[in-house]
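The sequence lines fix the lettering, A, B, ..., with proteins before strands; numbering per chain opens at 1. Nothing here was measured: the structure is a model prediction, and the numbers come from that model.
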Amino acid sequence: MSIASTTQQICFLVLSATTVVGSLGVVLLPNIVYSAFLLGGVFLSVAGLYLLLNASFVAAAQILVYVGAVNVLILFAIMLVNKQETLAAIPGLLVRRLLSGAVCAGLFALLLRVAFTTTWALPGPTPVGEEATIRIGEHLFTDYLLPFELASVLLLMAMIGAIVLARRDVFSTDVITGEPADQGLIEKDRTPLLIEKSAPAPTLLSKP
Amino acid sequence: MADLFLAAASSVTTAASAAEAIASGLGTGALALQLNAGAIAPEVAVLLTLVVCLVVDLAGEKAASRWVPPICYGGLGASLVLLALQWDSPLEPSFLGSFLADNLAIAFRAVVAASTLISLLLSWRYVERSGTPMGEYAAILLAATLGAMFLCGSTDLVSIFISLETLSVASYLLAGYMKRDARSSEAALKYLLVGSAAAAVFLYGASLLYGLSGGATSLATIGVALQTSASPITALALVFVLATVAFKIAAVPFHQWTPDVYEGSPTPVVAFLSVGSKAAGFALAVRLLVGCFESFDAQWKFLFTVLAVLSMVLGNVVALAQTSMKRMLAYSSIGQAGFVMIGLVCGTEDGFSAMVLYMAAYLFMNLGAFACIILFSLRTGSDRIADYAGLYQKDPLITLGLSLCLLSLGGIPPMLGFFGKIYLFFAGWADHQYLLVVVGLVTSVVSIYYYISVIKMMVVKEPQEASDVVKAYPAITWNLAGMQPLRAALVGCVVITAVGGVLSSPLFDWASSTVAGTPILQQAIAAAAIAPLG
Amino acid sequence: MSTDLASPIPLEAFLSVAAMLFCVGVWGLINSRNAVRVLMSIELMLNAVNINLMAFSNYLDGQLIRGQVFAIFVITVAAAEAAVGLAILLSLYRNRETVDMERFNLLRW
């Protein structure tokens with residue numbers, strides 16, 4: 001066994017360990033800020049795994065987009081919605097967590113079994129290595145042209161929509177008549193919020 | 001910073017798409033022939049409309065509310081005309097196998113485009129009344145349409161994923177469009193979380209399919225690879241992919257988002273989601289199940305039978321207990337999805353054409369019902385079923401329209417819905433799907449009960465029994481901007497629902513020529529015909 | 001193992017990491033009470049999918065690397081979805097002053 005392959009194996013073990021431990025931290029740690037930073041760590045480890053898989057371009061994209069954009073966005077969101085709130089205790093929460101943990105462990109066992117029992121078409125063709133970026137470009141302008149163009153519409157729409165939803169100013173009057181606008185749902189202004197618990201409305205079934 | 005990145009990314013890709021548009025605009029070049037880009041001409045019309053709406057919106061809100069509606073009518077009308085011109089044209093895969101404009105795709109794309117057109121007619125007054133920007137609203141709804149239309153014809157996992165996400169992201173934004181209302185935001189958040197989780201599950205299934213086929217993303221190639229593999233991995237991939245399809249068409253047990261999203265979202269958006277989004281989901285189901293998993297016919301048909309029975313029973317029974325009109329229609333739409341699934345499970349010529357026919361009928365009757373609900377809520381500010389009591393003395397148009405559409409949804413004879421439903425049951429019976437047909441008949445009776453209850457509420461009550469809302473009913477006026485389109489859509493849908501049943505033979509012809517012009521359906525029918533013999 | 005020549009790490013090792021990440025994401029999705037954490041869990045699930053795609057792309061599709069292109073699309077969409085999700089969360093927070101999933105109950109489940 002050569003030094004190169006031993007190094008790769010060690011790298012893989014370290015990266016996958018940080019990925020898994022980091023992801024557990026993301027879902028388990030009580031402080032959301034720690035979770036967000038651990039999420040950045042997970043993204044970086046995954047980028048390292050991509051490097052092991054001969055995909056330097058996607059590794060760079062992963063770091064730029066996930067660590068540089070998504071993670072920063074999440075941190076901003078945490079800062080914007082950071083009111084200290086004590087979460088009301090919910091009875092049976094622990095049981096629920098354990099039950100869902102068991103379900104997820106079962107799913108994990110199933111996925112592992114499938115991964116190990118399936119006969120993959122190995123060995124495949126030799127990886128292209130550093131030419132990958134060229135191949136990706138070729139794909140984007142030949143057989144994946146349609147999704148590539150559609151992705152531009154998706155990004156444009158996400159940008160416009162996010163701005164519309166997140167900005168504060170909305171018209172306070174009806175554009176045509178000048179009446180004060182009712183941003184609360186038009187059909188809801190008669191039913192005050194949170195009425196459901198106190199007074200159950202009559203149903204169709206209870207009507208004669 | 002992240003927004004900057006998005007802006008940069010989208011401007012780079014839009015620039016690229018502009019360059020591409022120029023390249024394909026040259027028309028007769030070798031590139032255009034190879035790409036066969038004419039197949040997406042209807043989508044290009046929608047895309048241009050979207051861009052023009054955004055540009056017009058820059059001129060201010062007054063200009064937008066004046067010009068956006070006619071632009072949208074023109075663009076969607078052009079799209080429908082282009083779709084009609086594509087009908088029965090020679091089939092060539094376009095975009096190197098990413099897209100296929102067979103008759104099935106054209107039919108479902110037409111349903112999607114028509115549902116957007118009618119939803120937009122219903123929207124204008126609502127959007128203005130709520131004081132939200134109109135240009136952006138139209139642009140986001142058109143983006144959802146674009147995603148749904150591409151989804152109907154995509155034949156490649158990557159195209160399916162991107163068009164699915166275009167539809168989904170635009171739908172989340174629309175669901176949360178009334179941003180000062182907590183219910184709308186909450187509906188949007190729930191929809192987004194469940195939808196993104198479903199997308200992640202779909203992607204996991206897609207990645208397994210990619211590995212299983214040794215590196216193919218085209219559905220046809222994967223279908224060939226699946227024929228030789230019978231390992232548990234295919235079953236897993238099937239379940240993962242099916243979960244997403246069931247989420248899109250709101251089949252039980254993947255339906256939990258439906259009532260909440262329908263109740264919280266703006267009503268015209270719900271009208272689009274209940275028809276356009278659902279039609280795209282069914283087109284996706286046909287592409288994936290019939291086109292890709294054909295070698296696992298028995299398995300997915302069994303799973304879909306279970307889903308259909310659960311949807312019909314739960315949707316129609318829970319609808320009985322609802323007090324909100326939108327929530328009742330949400331559960332009823334779950335039940336309706338169950339009926340449509342009967343056609344898919346049959347896998348015969350009649351089954352598929354019944355499915356297409358019922359989707360078209362559902363378009364008109366459901367949107368007609370939504371038009372009445374929107375009009376009522378604009379006038380009174382209520383959508384409680386009890387508030388409709390005694391309505392016929394004050395507003396005969398809503399009473400008549402809503403009654404006809406609900407009767408049609410329930411499947412009462414002279415209406416359009418009756419013929420659609422009877423065709424579905426006939427196809428199911430001919431294919432020996434007795435369980436499905438019996439459950440369908442029983443739950444239809446249940447559904448007729450709750451539809452008739454609403455009609456009884458509106459018609460039978462004495463004037464003194466009328467609800468406070470109806471007693472204080474405002475004078476009927478049509479002179480506000482946006483009311484005329486609403487009335488036109490209402491009357492159009494109701495007339496087609498009422499008369500379409502009697503004159504439905506062109507619809508039947510249309511549905512069966514849809515099936516005849518779709519190679520994957522023909523293959524499936526041929527396979528199903530051979531199977532019992534062999 | 002014939003793949004040892006090409007890579008000292010078996011394909012199944014990558015698939016296992018992806019499966020683990022996916023299951024952790026699913027658990028977080030079900031159990032997180034903070035809406036931001038639910039969004040993070042979804043990002044974990046998408047990363048798991050990407051590891052799967054990249055592994056298959058390297059081991060089974062080394063010449064055409066369609067999986068890498070697929071992964072780039074997934075990354076793009078994940079960024080768009082995160083931006084939209086956080087915008088919706090922000091507008092909900094303005095209305096309700098909370099990010100606790102258990103208190104988003106204006107609409108009954």
Calculate, to the nearest 0.5 Å, the distance between atoms CG and CG belonging to B:L35 and A:L145 respectively. 6.0 Å
Here the pair of heavy atoms bringing A:A158 nearest to B:L173 is CA-CD1, 4.4 Å
CG on A:D143 to OG1 on B:T217, rounded to 0.5 Å: 7.0 Å
State whether the number of non-hydrogen atoms from other residues, nucleotides or ligands found under 6.0 Å of A:F108 atom CZ is greater than 12. yes
Indicate yes or no for a side-chain donor-acceptor contact from B:S159 to the backbone of A:Y144 under 3.5 Å, with no hydrogens or angles considered. no
Rounded to the nearest 0.5 Å, what separation is found between the CG atom of A:L146 and the CG atom of B:D156? 9.0 Å
Which atoms of B:L174 come close to chain A, meaning under 4.5 Å heavy atom to heavy atom: side chain ones, backbone ones, both, or neither? neither
Is B:L146 close to A:M157 at the side-chain level, that is, under 4.5 Å between some pair of heavy atoms? no
Point-to-point distance, once rounded to the nearest 0.5 Å, from CZ of B:F95 to CD of A:E149: 7.5 Å
Examine whether an atom of B:S163 lies under 4.5 Å from a heavy atom of chain A, and if so say whether it belongs to the side chain, the backbone or both; otherwise answer neither. both
Pick one of side chain, backbone, both or neither for B:Y204, based on which atoms fall under 4.5 Å of a heavy atom in chain A. side chain
Can you tell me if A:F116 has over 12 outside heavy atoms packed within less than 6.0 Å of its CZ? yes
Please look at B:F240 and chain A and tell me whether the side chain, the backbone, both or neither of the residue comes under 4.5 angstrom of a heavy atom of that chain. side chain
Minimum-distance pair of heavy atoms, taken over all atoms of A:R167 and B:K179: O-NZ, 2.6 Å
Report yes if the side chains of A:I160 and B:L54 come closer than 4.5 Å at any heavy-atom pair, otherwise no. yes
Measure distances from A:L165 to the heavy atoms of chain B and classify the residue's part below 4.5 Å as side chain, backbone, both or neither. both
Between the CG atom in A:L111 and the CG atom in B:L236, the distance rounded to the nearest 0.5 Å is 6.0 Å
Pick from A:T117, A:L154, A:V153 with the largest number of heavy-atom pairs that fall under 4.5 Å of chain B: A:L154
Atom group of A:T142 that falls short of 4.5 Å from chain B, counting heavy atoms: both
Of B:V158, B:I40, B:L47, B:T166, which is the lone residue that meets side chain to side chain contact (heavy atoms under 4.5 Å, CB included) with A:L150? B:T166
Within a strict 4.5 Å, meaning less than it, do heavy atoms of the B:I162 and A:F148 side chains meet? no
